[in-house]
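For ligands, and for the atoms within them, numbers begin at 1 and follow the listed sequence. Small disclaimer: the values here were computed from a predicted structure and weren't measured.
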Amino acid sequence: LNVDLASHIVRLGVGDGRLDPLHYAEVNHPILKDGVLQYALRIRVDQTERFDLFHIAIWEISLLLSVTAIFVVGVPAYLSAKSRKVADLADQRAHYLTAHDPLTGLDNRKRLIQKLENACSNTEKAEKLLLATIDVDGFREINDEAGHEVGDQLLTLFASTLKNTCGNSLSIARIGGDEYACVTPFTDRGKLQDFLEELQSALSISFQADGQKQLATASVGAAVYPTDAKDVPDLIKKAETALKVAKSAGGNKTAIFDQEMERGIAERRALESLIRHATKHHTFDVHFQPLICGAQMEVCSFEALVRLRDAAGQIVSPEKFIPIAEDMGIMEEFGAAILHKAARAAVHWPNHIRLAVNLSAVQFESGNIVKTVERVLKTTSLPANRLELEITESLLMQDTDGILSQLIGLKALGVSIAMDDFGTGYSSLGYLWKFPFDKIKIDRSFLRDEEVCCEETKQVISTIIALAHTLDMHVTAEGVESECHVAMLRQLNCDQMQGFYFGRPTPSYDLSKFWSPNNYIDRRLLAV
Ligand code: C2E
Ligand code: CA
Ligand code: CA
């Protein structure tokens with residue numbers, strides 16, 4: 001129908017008198033009569049309530065969608081941002097750790113080297129660089145005794161002291177467990193010594209351990225670029241060489257590198273490898289020095305004295321290499337090998353001749369000495385009563401209970417114990433009461449020169465002999481070099497004598513001359 005419906009619409013209103021609903025559905029329906037449009041009926045159905053429900057549903061759905069979107073997109077985005085931040089922090093930390101020491105915040109070795117490389121390539125002609133390496137004295141003991149927490153605190157204290165003392169340094173670094181370094185440019189060599197002394201004294205640090213105040217010190221070794229070294233590795237090596245010298249001088253010392261030190265270190269290294277090799281392959285000799293006993297002046301014992309030859313075939317003094325072997329921590333093994341070699345030789349001597357072997361104090365540290373001696377006696381078949389062990393009083397200055405029980409254990413095996421070098425220590429007499437020694441050996445310094453045959457020395461030796469006899473101990477006088485010594489010692493009733501006058505330390509193959517019928521010992525001595 002081509003009719004404009006809209007013009008026929010009559011507003012009838014709705015039953016309850018309300019106006020059009022806010023939201024409705026609408027339909028226009030034409031009313032025809034005889035095919036002619038009479039009017040149109042527009043029906044509006046109130047959809048407000050539905051619309052509201054629909055609207056709420058839409059709103060809920062969109063809220064749900066938004067929340068889901070937040071979860072699906074936002075949370076991963078948030079998490080990824082967060083993990084990126086964590087990763088960034090970790091990166092920063094890793095980057096920091098590649099250059100710094102985590103405990104003290106100082107530069108680490110790598111950064112120190114980088115800074116040194118830069119500084120060395122930019123050093124002006126007049127300027128020099130000082131590299132000071134610093135090592136805390138006895139840190140391992142402090143750490144073991146006071147605990148790691150105190151150890152860490154102490155390391156931090158050393159770090160802050162270095163920061164305060166080496167204020168304008170190019171780098172202050174921790175380059176090892178208890179080792180630090182500082183690099184300082186300088187122009188005036190005259191001030192170097194003052195700087196190092198100031199550093200050394202600042203590094204005496206008091207700290208608390210077990211409720212007690214203790215003092216920690218450090219050793220300093222220094223080298224100068226370009227005077228002492230041509231490049232950075234060389235400079236570090238030389239500063240560490242100086243440090244080793246400062247440490248081996250007893251610690252709490254400063255040493256500036258000089259060429260002589262390098263020779264000393266090389267010599268020490270050569271000795272260390274000689275000792276290591278000798279211990280492993282038994283490439284050492286034992287020489288034996290006779291001890292003369294009694295009125296008949298007969299050889300009754302030999303003291304075993306170890307000998308090492310260097311690469312040039314020269315004999316190295318045990319006074320030089322024994323302390324190094326002790327330092328190296330190899331003396332227990334070395335000492336056992338010496339004892340074994342000496343005992344193997346002694347079983348071929350006449351039965352009445354005994355063997356004396358020196359024991360170093362460090363051979364008592366592990367608590368195995370009794371077992372070691374027992375094993376040697378067993379494997380060599382040397383009767384225990386033919387073995388005498390010589391110890392020095394320094395042994396008794398340590399943890400005496402542990403030492404005394406081991407000495408008692410040794411005596412229980414049937415060996416005898418002598419106190420060596422008597423008269424050289426601080427309070428020798430005190431130690432004589434601690435343990436029933438079988439013998440004391442008066443140090444050879446008492447007989448150093450001819451003048452000792454003077455009345456005064458005679459009195460001292462006489463007193464020592466009287467004291468030893470009162471305590472039921474025998475006495476050996478060492479360093480007997482002259483007829484005068486022999487006459488004096490015989491007069492004083494000294495039980496045994498040992499010295500170059502009777503015989504020098506002699507290789508095993510040449511010992512029989514001391515007990516052969518044409519006795520090597522000059523019988524005229526009996527008349528002295
Ligand atoms: P020591 O135990 O006092 O040994 C005696 C040292 O005095 C020996 O030196 C000996 O050669 C030397 N001597 C002996 N008679 C005379 C003398 O009349 N005049 C002079 N001036 N010296 C004399 P050596 O063999 O050089 O040994 C030195 C030190 O090395 C020994 O002193 C001992 O403490 C140590 N030693 C030697 N061998 C061993 C060993 O196997 N184990 C241990 N732990 N220490 C040893
Ligand atoms: Ca000795
Ligand atoms: Ca001695």
Side-chain angles (χ1 to χ4, degrees), residues 271 275 278-279 282 284-292 299 301-309 314-346 354-365 369 372-373 376 387-395 416-425 428 437-450 452 464 474-486 488-489 494 496-508 514 521:
L271 267 180
I275 295 166
T279 306
H282 297 190
F284 57 87
D285 287 325
V286 181
H287 287 187
F288 298 91
Q289 189 180 29
L291 276 81
I292 311 301
V299 174
S301 172
F302 286 99
E303 177 177 2
L305 295 158
V306 64
R307 296 290 179 261
L308 274 188
R309 282 181 194 277
Q314 297 295 313
I315 284 188
V316 190
S317 163
E319 262 158 357
K320 199 165 180 184
F321 67 75
I322 296 276
I324 296 178
E326 290 175 343
D327 249 25
M328 290 165 68
I330 206 173
M331 193 59 214
E332 187 178 13
E333 199 186 332
F334 191 22
I338 297 168
L339 178 65
H340 190 265
K341 205 174 235 193
R344 243 181 31 207
R354 303 176 78 218
L355 164 71
V357 177
N358 294 285
L359 292 186
S360 144
V362 297
Q363 288 177 263
F364 285 77
E365 276 174 11
I369 189 67
T372 304
V373 172
V376 169
L387 179 63
E388 182 160 70
L389 299 171
E390 300 189 4
I391 61 156
T392 55
E393 68 179 13
S394 64
L395 180 72
S416 47
I417 311 282
M419 182 188 269
D420 204 357
D421 303 340
F422 185 80
T424 51
S428 309
F437 289 95
D438 297 284
K439 181 165 106 181
I440 58 174
K441 296 184 78 176
I442 302 176
D443 190 69
R444 64 176 186 268
S445 56
F446 283 84
L447 299 180
R448 190 149 280 158
D449 48 41
E450 283 295 326
V452 297
I464 298 175
H474 287 109
V475 179
T476 300
E478 293 183 317
V480 178
E481 292 184 351
S482 67
E483 265 181 32
C484 156
H485 291 152
V486 177
M488 177 185 75
L489 291 163
C494 183
Q496 303 180 350
M497 290 178 243
Q498 176 183 3
F500 293 167
Y501 186 80
F502 300 108
R504 293 194 173 244
T506 307
S508 194
F514 289 108
I521 304 294

Notebook entry, point to check: How does R444 reach ligand 1, by side chain, by backbone, by both or by neither, if only non-hydrogen atoms under 4.0 Å count?
Noted result: side chain
Next item on the list: Examine E481 against ligand 1 and note whether any of their N/O atoms are separated by less than 3.5 Å.
Entry: yes
Note to self: What is the name of the N/O/S atom of D421 that is nearest to the Ca ion (ligand 3)?
What the structure shows: OD1
Notebook entry, point to check: Stepwise, does the side chain to side chain contact (heavy atoms under 4.5 Å, CB included) test hold for I292 with V486?
Noted result: CA-CA 11 Å; I292 311 301; V486 177; over 6 Å; no
Next item on the list: Search all heavy atoms of A477 against all heavy atoms of L447 and return the closest pair with its distance.
Entry: CB-CD1, 4.5 Å
Check: Is the gap between the ring centers of F514 and F302 under 6.0 Å?
Finding: yes
Note to self: side chain to side chain contact (heavy atoms under 4.5 Å, CB included), that's the test. Do L339 and L387 meet it? Break it down for me.
What the structure shows: CA-CA 10 Å; L339 178 65; L387 179 63; 4.3 Å; yes
Notebook entry, point to check: Looking at V480, which atoms of ligand 1 are within less than 4.0 Å of one of its heavy atoms?
Noted result: 18 (O)
Next item on the list: Using the Ca ion (ligand 2) as the apex, give the angle to atoms OE1 (E390) and OE2 (E303), rounded to 10 degrees.
Entry: 90°
Next item on the list: Just need the protein heavy atom nearest to atom 15 (N) of ligand 1, so name the residue and atom and give the distance.
Entry: Q289 NE2, 2.9 Å
Next item on the list: Please state whether E478 comes within less than 4.0 angstrom of ligand 1, counting heavy atoms only.
Entry: yes
Checklist line | Shortest protein contact, atom 29 (C) of ligand 1 (heavy atom only) | finding: E319 CG, 4.0 Å
Item checked: Option nearest atom 46 (C) of ligand 1 (shortest heavy-atom distance, choices V286, I322, L339) -> I322
Checklist line | N/O separation below 3.5 Å, F500 to ligand 1 | finding: yes
Check: Hey, is there an N, O or S on E478 sitting under 3.0 Å from the Ca ion (ligand 3)?
Finding: yes
Checklist line | Matching residue for E303 among R354, Q498, H287 - test: side-chain hydrogen bond (donor to acceptor under 3.5 Å, both in side chains) | finding: Q498
Checklist line | Flag side-chain contact, heavy atom, 4.5 Å: F321 against F334 | finding: yes
Check: So is R307 in contact with ligand 1, going by heavy-atom distances below 4.0 Å?
Finding: yes
Checklist line | Between S416 and K439: side-chain donor-acceptor atoms closer than 3.5 Å | finding: no
Checklist line | Contacting atoms of ligand 1, where contact means under 4.0 angstrom from a heavy atom of D421 | finding: 3 (O)
Check: How does K441 reach ligand 1, if at all, at less than 4.0 Å between non-hydrogen atoms: by side chain, backbone, both, or neither?
Finding: neither
Check: What protein heavy atom sits nearest atom 11 (O) of ligand 1, and how far off is it?
Finding: P505 CG, 3.5 Å
Next item on the list: Could you please spell out the steps behind the side chain to side chain contact (heavy atoms under 4.5 Å, CB included) verdict for D438 and H474?
Entry: CA-CA 6 Å; D438 297 284; H474 287 109; 5.9 Å; no
Next item on the list: Of all the heavy-atom pairs spanning H282 and K341, show the shortest one and how long it is.
Entry: O-NZ, 2.8 Å
Item checked: Distance from atom 42 (N) of ligand 1 to nearest protein heavy atom, with residue and atom -> N358 O, 3.5 Å
Notebook entry, point to check: So which heavy atom on M331 is nearest to which on Q363, and how close?
Noted result: O-CG, 3.8 Å
Notebook entry, point to check: If you measure from each non-hydrogen atom of S360 to ligand 1, which part falls under 4.0 Å: side chain, backbone, both or neither?
Noted result: both
Check: What atoms in ligand 1 come closer than 4.0 Å to a heavy atom of I338?
Finding: 41 (O)
Next item on the list: Taking the side chain as every heavy atom from C-beta outward, state whether V357 and V286 have any pair of such atoms under 4.5 Å apart.
Entry: no
Notebook entry, point to check: Which option, V357, D420, L305, owns the non-hydrogen atom nearest atom 31 (C) of ligand 1?
Noted result: L305
Check: For the residue pair C494 and T476, what are the closest heavy atoms and their distance?
Finding: SG-C, 4.3 Å
Notebook entry, point to check: Just heavy atoms, cut-off under 4.0 Å: does V306 contact ligand 1 by side chain, backbone, both, or neither?
Noted result: both
Next item on the list: Output yes when a protein non-hydrogen atom is found under 4.0 Å of atom 34 (O) of ligand 1, and no otherwise.
Entry: no
Next item on the list: Please find the N/O/S atom of D420 nearest to the Ca ion (ligand 3) and write down its name.
Entry: OD1
Notebook entry, point to check: Nearest protein heavy atom to atom 30 (O) of ligand 1, by residue and atom, and its distance?
Noted result: P318 CB, 3.5 Å
Next item on the list: Could you establish whether G335 and ligand 1 come within less than 4.0 Å of each other, counting only heavy atoms on the residue side?
Entry: no
Check: Of all heavy-atom pairs between F500 and P505, which one has the smallest distance, and what is that distance?
Finding: CE2-CD, 4.1 Å
Margin query: So which atom in P323 and which in P318 form the shortest heavy-atom distance, rounded to 0.1 Å?
Written below: CD-O, 3.7 Å
